[in-house]
Amino acid sequence: MRVIEQVAALRVLVAEWRRQKQTIGFVPTMGNLHSGHRSLVANARSRCDRVIVSVFVNPTQFSAGEDYDDYPRTLEADSKALVEEGVDALFLPKVKALYPHGLENTTMVSIPGLSRELCGAHREGHFDGVLTVINKFLNIVTPDFLFLGEKDFQQLFLVRQMVAELMFPVEVIGVPTYREDDGLAMSSRNVYLSEEKRAKASALFQILSDIQQALVAGSDEYTALEAKGLTQLKKAGFKPDYIEIRRQSDMARAEPGDQMLVVLGAGKLGRARLIDNIQFAR
Ligand code: AMP
């Protein structure tokens, strides 16, 4: 596996692979890799001639007071995992390389509206940071395929919109959420959970599953289901951010009769902010 820090060096490598007519898959991550990340990488490995993974804790997607400084950085273990997954190149840019003019006075990409809802309403500027860094990566890596997790449903939706609107010649592949045995979605932030909180953490998935079941059984009582979910989440020890039922197609609030739905939830449990969602048809 090649380990590359410089943008120019990565461009040279990609150009060489392009000359050889090889397809390139790209998996952006913030590191502290777990089986969820590995399933994205394995998916890329199975589809593409070359696989590039980035590990970059992107400062512009953290709001003030969030865990940018504390975010778990485990490069040695990550690197080993990526070698095991057969990755061709690990891209490790420095903040200065991606934001040469600093973080305050930098070009940003943003989608108003949906970016300010759900997680965006609780993490100011978060999705502007995500879209900006993905934009940079797409310009540097020029992948044929971009692999993102369905765990971050709103992020996946917004990146798909950006890719379509800015006309990036890349296919976005959403990879299903990888879970622990009790249903908890794997996340780098799960390491923040104490043993006591960890025992309660699967409540988020359970509550979303219960809402899914009610919807599949024919309920259109969206507001009541959301309110009940919030109460249950509180009871389980969370400080809830939201539980919402939305349409898959445009992420607008679901209306009676909608069939392709996604139920999304987020909240803080101790130091960890957990998010999850379930997509389904009915
Ligand atoms: P992160 O390192 O948290 O920025 O995540 C990097 C990528 O891995 C994103 O596309 C996430 O959606 C994806 N991802 C994170 N956790 C999971 C999971 N449990 N299952 C599937 N994909 C995931």
Side-chain angles (χ1 to χ4, degrees), residues 25-47 51-63 66-68 70-75 77-79 81-82 85 87 90-93 95 98 118-120 123 126-138 141 143 145-163 170-193 198 201-202 204-205 208-209 251 262 264-266 272-279:
F26 176 56
V27 185
T29 82
M30 299 208 299
N32 192 27
L33 302 180
H34 50 66
S35 303
H37 294 113
R38 289 179 77 139
S39 77
L40 267 67
V41 175
N43 206 309
R45 183 69 284 164
S46 70
R47 275 179 208 246
V51 176
I52 302 177
V53 177
S54 61
V55 172
F56 179 66
V57 184
N58 173 37
T60 60
Q61 71 187 72
F62 289 78
S63 316
E66 287 189 348
D67 56 344
Y68 175 70
D70 303 341
Y71 197 83
R73 290 161 170 89
T74 55
L75 189 54
D78 293 350
S79 178
L82 294 175
E85 294 293 339
V87 167
L90 169 56
F91 184 39
L92 296 173
V95 171
L98 293 196
L118 299 167
C119 282
R123 306 187 67 189
H126 169 66
F127 288 115
D128 297 355
V130 169
L131 295 174
T132 298
V133 81
I134 296 288
N135 197 285
K136 290 169 190 283
F137 281 134
L138 291 177
V141 179
F145 299 94
L146 170 66
F147 295 86
L148 298 174
E150 289 178 353
K151 194 200 107 185
D152 300 276
F153 186 90
Q154 189 179 8
Q155 164 176 290
L156 176 59
F157 187 96
L158 288 165
V159 170
R160 282 191 198 282
Q161 183 176 337
M162 178 187 79
V163 159
V170 65
E171 187 177 332
V172 180
I173 312 276
V175 178
T177 302
Y178 208 91
R179 300 180 181 283
E180 303 282 1
D181 288 342
D182 65 351
L184 173 66
M186 290 199 180
S187 163
S188 304
R189 289 191 167 96
N190 291 352
V191 298
Y192 298 149
L193 294 168
R198 172 63 190 85
S202 67
L204 177 57
F205 176 66
L208 299 182
S209 301
M251 285 202 77
V262 53
L264 309 106
R273 183 174 185 278
L274 305 181
I275 70 171
D276 202 349
N277 71 86
I278 304 175
Q279 304 170 55

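Each ligand, and each atom within it, is numbered from 1 in the order the structure gives.
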Peer 1: Among all protein heavy atoms in this structure, tell me which lies nearest to atom 1 (P) of ligand 1, with the distance rounded to 0.1 Å.
Peer 2: H37 NE2, 3.6 Å
Peer 1: Heavy atoms only, cut-off 4.0 Å: how does H34 contact ligand 1, side chain, backbone, both, or neither?
Peer 2: side chain
Peer 1: Please lay out, stage by stage, how H126 and Q154 fare under the test side-chain contact (heavy atoms from CB on, under 4.5 Å).
Peer 2: CA-CA 11 Å; H126 169 66; Q154 189 179 8; over 6 Å; no
Peer 1: Can you report which non-hydrogen protein atom sits closest to atom 21 (C) of ligand 1, along with the distance?
Peer 2: P176 O, 3.5 Å
Peer 1: What's the separation between atom CG in L118 and atom CD in Q155, rounded to the nearest 0.5 Å?
Peer 2: 13.5 Å
Peer 1: Can you name the one residue among L138, I134, T132 that meets side-chain contact (heavy atoms from CB on, under 4.5 Å) with K136?
Peer 2: T132
Peer 1: May I have the step-by-step check of side-chain contact (heavy atoms from CB on, under 4.5 Å) for D128 and T60, ending in yes or no?
Peer 2: CA-CA 8 Å; D128 297 355; T60 60; over 6 Å; no
Peer 1: So, Y192 and D67: side-chain donor and acceptor under 3.5 Å apart, yes or no?
Peer 2: yes
Peer 1: Quick one: nearest non-hydrogen protein atom to atom 11 (C) of ligand 1, plus distance?
Peer 2: D152 OD2, 3.1 Å
Peer 1: Under 3.5 Å between some N or O of ligand 1 and some N or O of S187?
Peer 2: no
Peer 1: Could you check if a side-chain atom of L274 sits within less than 4.5 angstrom of a side-chain atom of L184, using non-hydrogen atoms only?
Peer 2: yes
Peer 1: Which ligand 1 atoms does L148 reach within 4.0 Å, using its non-hydrogen atoms?
Peer 2: 10 (O)
Peer 1: Would you say the side chain of Y68 lies within less than 4.5 Å of the side chain of N58, judging by non-hydrogen atoms?
Peer 2: no
Peer 1: Please verify the inter-ring angle class for F62 with Y71; under 30° counts as parallel, over 60° as perpendicular, anything in between as tilted.
Peer 2: perpendicular
Peer 1: Given side chains that start at C-beta, do those of M251 and L264 come closer than 4.5 Å, heavy atoms only?
Peer 2: yes
Peer 1: Are any of the N/O atoms in A185 less than 3.5 Å from those in ligand 1?
Peer 2: no
Peer 1: Any idea which protein heavy atom is nearest atom 7 (C) of ligand 1, and the distance to it?
Peer 2: P28 O, 3.7 Å
Peer 1: Hey, which atoms in ligand 1 end up nearer than 4.0 Å to a heavy atom of T177?
Peer 2: 20 (N), 21 (C)
Peer 1: Looking only at protein heavy atoms, which one is nearest to atom 22 (N) of ligand 1, and how far off is it?
Peer 2: L40 CD1, 3.3 Å
Peer 1: What I'd like to find out is whether the side chain of I275 reaches to under 4.5 Å of the side chain of R273, using heavy atoms alone.
Peer 2: yes
Peer 1: Where the closest heavy atom to atom 19 (N) of ligand 1 is concerned, which of R179, E150, M186 has it?
Peer 2: M186
Peer 1: Looking at atom 10 (O) of ligand 1, what's its closest protein heavy atom, distance included?
Peer 2: G149 N, 2.9 Å
Peer 1: Of the protein's non-hydrogen atoms, which lies at the shortest distance from atom 4 (O) of ligand 1, and what is that distance?
Peer 2: M30 CG, 3.6 Å
Peer 1: I need the atoms of ligand 1 closer than 4.0 Å to a non-hydrogen atom of T29, numbered in the order shown.
Peer 2: 2 (O), 6 (C)
Peer 1: Give me the residue, atom name and distance of the protein heavy atom closest to atom 20 (N) of ligand 1.
Peer 2: Y178 N, 2.9 Å
